[in-house]
Amino acid sequence: FDVAGSYADSSTTSPLIFILSPGSDPSSALYMFATDKGREINSLSLGQGQGPKAERLLADATQSGSWVLLQNCHLFASWMPKLDKILEQMDP
């Protein structure tokens, strides 16, 4: 898993999205990479009712420069259009 390569292809307005196969978990590599970059990661496992918390994490990260790791997005597919709107409205 090439976190550095993925990071190089991203920007502040184009997030990284990882589509994983069962049993794979790049989070440890991502946390190590964030540490190397001097960044903090706030993670949240999505599910019903987690939308407001995810929105707060994203708003805080926009201000602080930290990163947000939203996991298990498939469990909250109904919130993905809201996430799309939030990302579209972000001002780099």
Side-chain angles (χ1 to χ4, degrees):
F1 183 71
D2 183 15
V3 177
S6 297
Y7 178 78
D9 290 338
S10 72
S11 74
T12 57
T13 57
S14 68
L16 295 176
I17 298 174
F18 302 109
I19 300 178
L20 308 173
S21 58
S24 66
D25 183 6
S27 60
S28 62
L30 189 57
Y31 279 101
M32 286 179 16
F33 184 75
T35 299
D36 290 344
K37 291 287 185 186
R39 300 289 183 161
E40 175 187 352
I41 294 183
N42 295 299
S43 67
L44 178 65
S45 182
L46 290 179
Q48 200 64 24
Q50 295 296 323
K53 186 171 183 181
E55 290 176 41
R56 281 191 304 277
L57 286 176
L58 290 166
D60 291 347
T62 300
Q63 296 301 313
S64 69
S66 62
W67 294 350
V68 176
L69 174 60
L70 299 175
Q71 297 176 296
N72 298 316
C73 294
H74 65 285
L75 297 177
F76 203 15
S78 63
W79 188 74
M80 292 300 104
K82 175 71 174 181
L83 175 60
D84 187 45
K85 285 180 185 176
I86 291 168
L87 295 173
E88 287 290 327
Q89 294 172 353
M90 284 187 172
D91 183 17

- Listed partners of Tyr7 passing ring-ring contact (aromatic ring centres under 6.0 Å, His included), at least two apart: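 Here the qualifying residues are Phe33, Trp67.
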Quick check for you: to the nearest 0.5 Å, what is the distance between [X] atom [atom1] and [Y] atom [atom2]?
| X | Y | atom1 | atom2 | value |
| --- | --- | --- | --- | --- |
| Leu70 | Met80 | CG | CE | 7.0 Å |
| Leu87 | Leu58 | CG | CG | 6.5 Å |
| Gln89 | Asp84 | CD | CG | 10.0 Å |
| Leu44 | Gln50 | CG | CD | 5.0 Å |
| Arg56 | Lys53 | CZ | NZ | 7.5 Å |
| Leu46 | Leu83 | CG | CG | 8.0 Å |

Quick one: closest heavy-atom pair of [X] and [Y], and the distance?
| X | Y | value |
| --- | --- | --- |
| Gln71 | Ser27 | NE2-CB, 4.1 Å |
| Asn42 | Ser66 | ND2-OG, 3.6 Å |
| Gly51 | Phe76 | N-CE2, 3.4 Å |
| Leu57 | Val68 | O-CG2, 3.5 Å |

- Using the side-chain contact (heavy atoms from CB on, under 4.5 Å) rule, take Ser24 and Phe18 through it: C-alpha gap first, then chi angles, then the decisive distance, then the call. CA-CA 10 Å; Ser24 66; Phe18 302 109; over 6 Å; no
- Any ring pair (Phe, Tyr, Trp, His ring centres under 6.0 Å) involving residues 38-58? Give me the pairs, sequence neighbours left out, ordered by first then second residue.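 As it turns out, there is no ring pair (Phe, Tyr, Trp, His ring centres under 6.0 Å) pair with a partner in residues 38-58 once direct neighbours are skipped.
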- Is Trp79 reachable from Met90 through a run of hydrophobic residues whose side-chain heavy atoms are each under 4.5 Å from the next?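 Yes, same cluster.
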- Message: Using side-chain heavy atoms (C-beta onward) and a distance below 4.5 Å, is Ser28 in contact with Met32?
- Response: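 Sidechains of Met32 and Ser28: no contact.
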- Task: Run the numbers on Leu30 and Val3 for side-chain contact (heavy atoms from CB on, under 4.5 Å), then give the verdict.
- Result: CA-CA 7 Å; Leu30 189 57; Val3 177; 4.0 Å; yes
- Where at least one partner belongs to residues 29-40, residue pairs that pass side-chain hydrogen bond (donor to acceptor under 3.5 Å, both in side chains), sequence neighbours excluded: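 Counting only pairs at least two positions apart or across chains, the side-chain hydrogen bond (donor to acceptor under 3.5 Å, both in side chains) contacts touching residues 29-40 are Tyr31-Ser43.
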